[in-house]
Amino acid sequence: MNSLYLLAIETSCDETAAAIFKGDVLLAHVISSQLEHEKYGGVIPELAARLHQQRIVEIVQIVLDRVGVDKTQIEAVAYTQGPGLLGALLVGAGFAKAFAFARNIPLIGVHHMQAHVLANFLKADKPHFPFLCLTVSGGHTQLVWVRDYLDMEVLGETRDDAAGEAFDKGAKLLGLPYPGGPMIDKNAAKGNHEAFKFPSPEIGKYEFSFSGLKTSLLYLLKREIQNDPNFIEKHINDLCASYQWRIIQILLDKIRGAAQDLRVQELALAGGVSANSVLRREFIQLCNASGWKAHIPPVEFCTDNAAMIGITGYYRYLEGKTDSWETTAFANA
Ligand code: KG4
Ligand code: ZN
């Protein structure tokens, strides 16, 4: 049972991704990013669904070929059930269900946010339970208490924008292309994070809020552009560095407070924003200074991928958590 071949599918947003596992060992994974959304400045849900529909068969074939495994050897199929864009999710759900039904093998629906957390088990040095995870993606910002692979409790979330949205919306105000997070990260490396001051929100202990930060960037830009129409161009690196620094400080303050309350030994990051180079560096520094063991998935497993769906599907399979043919995708958690 531990060495079964498992196919994993991820289609919750704008990446069409597939992975093959043998037991808990990742054999190969493929990610096809939908660059078509860039010209619209954000993901168009209807277009995302159509592009998944066009590509999913080929992406699965590519990953099978890469491993040298035939589809008849696959013994279970895991897919992202939700949350995400419903039309996009339904393509993955439909494909996974058809594949599993045709082969009469188990179908395993996976929660996307749980999978982000479990991406930390795709590296050699695995976390020990219990641990605290800060999951920061394009749609969610969550402090998660992780008791076991499938036993997790969300301690607090964002009240408004997610950390990834703060990056993406800030980038849009700065005239940078979508998705803004990686662009801000890149420009910030050349800037001074003390050049501009941004506020921190006053909210509950384990809660997050980023909409005020975004608004303060908007007001700063409006004010300065009145005096100098080229203000953004002249200061883009410092603006990115300062804005990014504030997002990271907000995140680190929250995780520090929660870790002290819960007296944890191990801390983890997960989700697309944990690909951020400064967040990774500062998180490791914080953990080292406080005596906590730090876990961060390799960058390729921070943003959406099918490997995290596969590892989660594997643990669900071990616990007998497979689904009936009636299950379907869900947009919201
Ligand atoms: O987890 P993810 O791939 O998709 C969701 O589940 O939402 O996260 C995507 C988010 C986007 O907001 C993107 O801008 C952000 O992750 N992101 C980054 C970086 N790479 C991706 N944010 C900051 N710095 C990065 N290097
Ligand atoms: Zn995600």
Side-chain angles (χ1 to χ4, degrees), residues 8-17 29 31-35 37-38 41-43 45 48 79-86 88-89 92 110-120 122 133-142 144 157-158 161-174 176-189 191 193 208 210 213-214 240-241 243-252 268-283 296-309 311-312 331-333:
I9 309 285
E10 154 65 32
T11 64
S12 68
C13 192
D14 57 344
E15 337 274 353
T16 314
H29 78 115
I31 303 174
S32 166
S33 296
Q34 302 177 350
L35 305 176
H37 300 285
E38 196 184 307
V43 178
Y79 73 100
T80 308
Q81 199 175 1
L85 305 172
L86 191 58
L89 289 163
V110 167
H111 194 288
H112 185 84
M113 299 314 293
Q114 192 170 57
H116 269 305
V117 175
L118 296 183
N120 279 287
L122 291 167
C133 184
L134 173 66
T135 314
V136 273
S137 72
H140 294 78
T141 303
Q142 301 180 325
V144 188
E157 293 190 79
T158 183
D161 291 345
E165 271 178 296
F167 272 99
D168 297 339
K169 289 180 178 176
K172 203 167 190 173
L173 293 174
L174 293 167
L176 299 171
Y178 182 88
M183 291 302 295
I184 291 192
D185 194 354
K186 201 170 146 209
N187 290 323
H193 69 249
F208 300 84
F210 292 102
L213 177 61
K214 176 195 65 194
C240 286
Y243 183 75
Q244 168 178 286
W245 185 252
R246 179 52 59 206
I247 296 175
I248 292 171
Q249 293 314 307
I250 293 170
L251 294 173
L252 294 180
L269 285 183
V273 178
S274 57
N276 183 274
S277 58
V278 178
L279 177 60
R280 295 173 83 88
R281 186 190 72 207
E282 295 293 314
F283 175 74
I296 318 178
V299 169
E300 65 179 321
F301 301 136
C302 289
T303 43
D304 289 347
N305 65 88
M308 69 183 194
I309 304 303
I311 193 77
T312 309
N332 299 309

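All ligand and atom numbering here is 1-based and tracks the order in the structure. This chain uses plain numbering: 1 for the first residue, then up along the sequence. These numbers come from a predicted model, not from an experiment.
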Practice item. Just jot down the ligand 1 atoms closer than 4.0 angstrom to any heavy atom of G139, in number order. Key: 7 (O)

Check your understanding: To which of G170, P182, G138 does the heavy atom nearest atom 5 (C) of ligand 1 belong?
Key -> G138

**Study point:** atom 21 (C) of ligand 1 [closest protein heavy-atom partner, distance rounded to 0.1 Å]
**Key:** G272 O, 3.4 Å

Check your understanding: Going by atom types alone, do H112 and E10 pair a side-chain donor with an acceptor below 3.5 Å?
Key -> yes

Check your understanding: Between S277 and ligand 1, does any nitrogen or oxygen pair lie at a separation below 3.5 Å?
Key -> no

Check your understanding: Has the side chain of R280 got a donor or acceptor atom that lies under 3.5 Å from a matching backbone atom of S274?
Key -> yes

Review point. Are any of the N or O atoms of G271 closer than 3.5 Å to those of ligand 1?
Key: no

**Study point:** Donor-acceptor under 3.5 Å (Y243 side chain, A166 main chain)
**Key:** yes

Practice item. Run through the protein N/O/S atoms less than 2.8 Å from the Zn ion (ligand 2) and write them out by chain and number. Key: H112 NE2, H116 NE2, D304 OD1

Exercise for review: Pick one of side chain, backbone, both or neither for how N276 approaches ligand 1, counting any non-hydrogen atom pair under 4.0 Å.
Suggested key: both

Point to revise | Under 3.5 Å: donor-acceptor pair, side chain of D304, backbone of C13 | key: no

Check your understanding: With backbone taken as N, CA, C and O and side chain as the heavy atoms from C-beta onward, which portion of D168 lies under 4.0 Å from ligand 1: side chain, backbone, both, or neither?
Key -> side chain

Point to revise | A275 neighbourhood, listing ligand 1 atoms whose heavy-atom distance to it stays under 4.0 Å | key: 20 (N), 26 (N)

Check your understanding: Less than 3.5 Å between some nitrogen or oxygen of G181 and one of ligand 1, yes or no?
Key -> yes

Check your understanding: Counting heavy atoms only, which part of H116 comes closer than 4.0 Å to ligand 1: side chain, backbone, both or neither?
Key -> side chain

Review point. So, do H29 and F301 have ring centers that fall under 6.0 Å from each other?
Key: yes

Exercise for review: Please work out whether any backbone atom (N, CA, C, O) or any side-chain heavy atom from C-beta onward of H112 is under 4.0 Å from ligand 1, and answer side chain, backbone, both or neither.
Suggested key: side chain

Practice item. Just jot down the ligand 1 atoms closer than 4.0 angstrom to any heavy atom of T303, in number order. Key: 3 (O), 21 (C)

Check your understanding: Looking only at atom types and distance, does a side-chain atom of T11 sit under 3.5 Å from a main-chain N or O of G92, one as donor and one as acceptor?
Key -> yes

Exercise for review: Using modelled atom types only, decide if a donor and an acceptor are shared between the side chain of T135 and the backbone of V117 within a distance under 3.5 Å.
Suggested key: no

**Study point:** Enumerated ligand 1 atoms positioned under 4.0 Å from heavy atoms of G164
**Key:** 12 (O)

Practice item. Output yes when a side-chain donor or acceptor of D185 lies under 3.5 Å from a complementary backbone atom of S277, and no otherwise. Key: yes

Review point. Under 3.5 Å, N or O to N or O, is D185 touching ligand 1 that way?
Key: yes

**Study point:** N or O pair under 3.5 Å between F167 and ligand 1
**Key:** no

Review point. Heavy atoms, side chains only, cut-off 4.5 Å: are I247 and I184 in contact?
Key: no

Check your understanding: Side-chain contact, heavy-atom cut-off 4.5 Å: Q81 with V110?
Key -> no

Review point. Does a side chain donor of either S33 or E15 reach within less than 3.5 Å of an acceptor in the other side chain?
Key: yes

Exercise for review: Side-chain contact test, heavy atoms from C-beta onward, threshold under 4.5 Å: evaluate it for W245 versus E282 and give yes or no.
Suggested key: yes

Practice item. For the pair N120 (side chain) and L269 (backbone), establish whether a donor and an acceptor sit closer than 3.5 Å, ignoring hydrogens and angles. Key: yes

Review point. Would you say D304 and ligand 1 have an N/O pair spaced under 3.5 Å apart?
Key: yes

**Study point:** Donor-acceptor side-chain pairing of N276 and Q244 below 3.5 angstrom
**Key:** yes

Exercise for review: Please indicate whether any nitrogen or oxygen in P179 is less than 3.5 Å from any nitrogen or oxygen in ligand 1.
Suggested key: no

